[in-house]
Amino acid sequence: MLKEDCASDLKVHLAKSLPLPSNVTRPRIDLIVFVVNLHSKYSLRNVEESLHHVDAAFFLGKVGFLATGAGRESHCSVHRNTVAKLAHTYRSPLLFCDLEVEGFRATMAQRLVRMLQICAGHVPGVSALNLLSLLRSSENPSLEDL
Amino acid sequence: TMDSCDTPESTPRQSASSRLKDYFIGAAPLQKRLESVRRQTSFVPTPPRRKIPQCSQLQEDVDPQKVAFLLHKQWTLYSLTPLYKFSYTNLKEYSKLLSAFIAAEKQKGRAVEVGEDFDIKVIFSALLGMKGTQRDPEAFLVQILSKSQLPSENREGKVLWTGWFCCIFGDSLLETVSEDFTCLPLFLANGAETNTALIGTWFQKTFDCYFSPLAINAYNLSWMAAMWTACKMDHYMATTEFLWSVPCSPQSLDISYAVHPEDAKALWDSVHTTPGEVTQEEVDLFMDCLYSHFHRHFKIHLSATRLVRVSTSVASAHTDGKIKILCHKYLIGVLAYLTELAIFQIE
C-alpha cells in the first residue's frame with residue numbers, strides 16, 4: 001500500500017490484535033482492515049476478539065474485512081461463509097485476496113488505498129458512508145428483483 | 001465451486017424420500033441450501049447442519065461379511081464426474097476390456113507394478129446395498145487379481161488392487177444429469193498408485209469422465225471429528241487422535257493429540273444440544289475445547305496450525321484424501337459425507 005502514489009501522507013499501522021496501546025499518540029485512524037487467514041481458526045478468533053474494542057463509529061464505512069487463503073481450499077479450516085457472516089453482522093465489506101500472491105497483493109493494495117482516500121475524506125463528494133452503501137448494494141439483490 | 005447456470009432452482013424438498021431427510025436437514029445439502037438462500041433473500045450465510053450418522057435401514061440389508069473387506073483398509077479418495085453410457089449389464093464385458101488394456105500397457109512397459117511374472121485378471125462386480133436412497137445408482141467394485149499360472153488351480157489369485165465407485169445421497173448431482181450418465185461421484189482406491197492411474201486412464205477414455213484427487217481440508221476434518229465422535233458406539237476400539245501440522249522451516253512440525261474415546265464422547269455430549277443433529281456451533285465448540293485444553297498445558301495455539309488427520313473408532317481421515325473406515329455400522333454415514341465433498345468438488 002505504501003508503494004501506491006498518494007497525494008497525502010499515507011501511514012499504515014500493523015497490529016496483531018486490538019486494542020492498541022493507549023499510551024502512544026497516533027494520527028487519526030481512517031480505515032481499519034481486519035485480515036482473516038482462512039487457514040487459521042486462531043486468526044478468526046483473534047479478529048472476533050479485536051472487533052469488540054472498536055468504537056461503533058468506525059462501522060459506518062471505516063471498517064473492512066480481508067480474507068486471505070481462499071485459493072488453497074485444501075488448507076482452509078475456516079469456511080468462507082463464516083467470514084461472510086461476520087462481515088455481514090458488522091455491516092462491513094468483505095474482500096477476498098490471496099495475500100501470498102504478488103499480483104493480487106498489488107491490486108488489493110490499490111483498492112485499499114482508494115478506500116482509504118474516501119474514508120479520510122480526500123475524495124470530494126464521496127463519504128465513507130456513501131462507499132459503504134455502494135458496496136453493499138452490489139452484494140445483496142434488492143427484494144424487488146425477486 | 002462455481003455457480004453454474006444449470007443448477008436447478010428448487011431444492012429436492014418435496015420429492016425427497018424419507019431416507020434423504022434422514023441425512024440432511026430440510027433434505028437439501030449444504031451447498032444447495034446456501035445457493036437457494038442466496039437467491040431468495042439478501043445474502044445471509046446460513047451455517048450448515050448435518051444429521052449424526054445413524055444405522056440406516058439400507059445398511060441392515062447389506063451383508064456385513066460382504067463389506068468387511070472394505071473396512072480397516074486405507075482408501076485414497078477421488079471425485080469422479082458422471083460416466084457416459086455406462087451399463088451395469090456389461091460388467092463382464094468391461095472386465096475383459098480392462099484386462100486387455102492392462103495387458104497391452106504391460107507390453108508397452110507401462111504397467112510395471114502389476115508384476116512381470118504372473119498374469120492378472122480384472123473383475124467388475126456390483127456392490128449391492130451400498131447406497132443412501134433408492135435413487136442412488138448401484139455401487140460397483142473393480143479388482144485386479146493375480147491369475148494363478150498353474151492350470152490345475154482354479155483358485156482366485158491374490159487381490160493386487162481394489163477400487164470402488166459409489167454414490168451415497170447424491171440427489172443434488174443426480175438431478176443435474178441426463179439419463180445417459182451414471183453418477184458415482186466417489187471413487188476409492190487401494191493398491192499401487194500406478195494401477196490406479198492405469199484404471200483411471202481406461203475409465204476416462206471409455207466413459208468420458210474425469211478423476212480428481214479429493215483432498216479434505218481442516219474445516220471438513222473438524223466436522224468429521226465431531227460427527228464421528230457423536231456416533232453411538234457400544235465399545236471403542238481406537239483412541240481418538242488428532243494430528244496438526246505446523247509450518248516452520250526447515251521441516252514442518254507435527255503435533256499429535258490423543259484423547260480417550262470416552263472422554264471425547266463426554267466432551268461432545270457436553271457441547272451437544274440439538275438432538276440428532278450436528279451444527280457448526282457445536283463443531284466449533286468441540287474443537288475450541290480441545291484447543292484451549294492444549295493451550296493451557298502447552299501454550300500452543302493449535303487453532304493457528306493446520307489439522308491434517310483425525311482418527312476415531314468410526315473412521316480416520318487424512319487431509320491428503322485418505323480414509324480408513326473402522327466401523328461397519330456407520331459405513332454409509334461416512335461415505336455420505338465423502339460423497340458430499342466429491343460432489344462439491346465436481347460442481
Side-chain angles (χ1 to χ4, degrees), chain A residues 15-17 34-51 65 67-96 98-100 132-146, chain B residues 1 9 30-31 33-48 77 212-223 225 242 244-247 252 280-281 283-288 290-292 294-295 300-308 310 318-321 341 344-345:
Chain A
K16 283 213 178 110
S17 68
F34 288 97
V35 182
V36 177
N37 182 355
L38 294 177
H39 299 180
S40 165
K41 257 191 148 165
Y42 178 69
S43 158
L44 176 69
R45 293 278 174 261
N46 206 359
V47 165
E48 285 173 343
E49 280 300 312
S50 299
L51 279 162
F65 292 89
T68 181
R72 281 209 289 178
E73 174 70 35
S74 60
H75 280 59
C76 287
S77 54
V78 177
H79 200 284
R80 53 202 299 165
N81 288 314
T82 308
V83 187
K85 189 174 175 208
L86 183 66
H88 183 92
T89 307
Y90 284 93
R91 301 290 186 269
S92 296
L94 171 62
L95 304 167
F96 285 92
D98 265 322
L99 293 176
E100 295 177 31
L132 186 60
S133 54
L134 272 173
L135 289 172
R136 284 245 295 276
S137 64
S138 62
E139 266 176 59
N140 311 329
S142 69
L143 290 165
E144 296 90 83
D145 293 341
L146 303 167
Chain B
T1 182
E9 293 295 293
L30 163 67
Q31 287 77 24
R33 282 190 74 233
L34 285 174
E35 293 208 308
S36 70
V37 167
R38 215 175 279 150
R39 264 190 284 271
Q40 285 160 25
T41 61
S42 67
F43 180 46
V44 179
T46 52
L77 302 169
S212 192
L214 185 66
I216 309 172
N217 63 24
Y219 171 78
N220 285 308
L221 284 175
S222 303
W223 263 88
F242 299 83
W244 284 270
S245 172
V246 188
S252 66
Q280 182 70 62
E281 291 80 27
V283 175
D284 288 341
L285 203 46
F286 179 69
M287 295 305 293
D288 282 345
L290 295 169
Y291 292 146
S292 54
F294 198 87
H295 182 252
I300 293 177
H301 287 286
L302 286 172
S303 52
T305 65
R306 185 165 80 106
L307 181 61
V308 296
V310 304
H318 189 281
T319 193
D320 290 342
L341 294 180
F344 186 71
Q345 186 166 279

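From a predicted model like this one, the values you see are computed outputs, not experimental measurements. Just so you know, these numbers use all the heavy atoms, side chains as well, and skip hydrogens, waters and symmetry mates. To find a chain, count down the sequence lines: A is the first, B the second, and so on, and within it residues start at 1.
- Interface residue Ala215(B): only side-chain heavy atoms are found under 4.5 Å from chain A.
- When the candidates Leu221(B), Leu307(B), Asn217(B) are compared by the number of heavy-atom contacts under 4.5 Å with chain A, Asn217(B) comes out ahead.
- The most heavy-atom pairs under 4.5 Å with chain B, out of Arg45(A), His75(A), Arg72(A), Glu73(A), come from His75(A).
- More than 12 non-hydrogen atoms from other residues, nucleotides or ligands lie less than 6.0 angstrom from CD of Glu48(A).
- Both the backbone and the side chain of Ser74(A) come within contact range of chain B, with heavy atoms under 4.5 Å apart.
- Closest approach of Ala304(B) and Ser40(A) over heavy atoms only: CA-OG, 3.4 Å.
- Proximity to chain A (any heavy atom under 4.5 Å) is shown, for Ser245(B), by neither the backbone nor the side chain.
- Interface residue Asp288(B): only side-chain heavy atoms are found under 4.5 Å from chain A.
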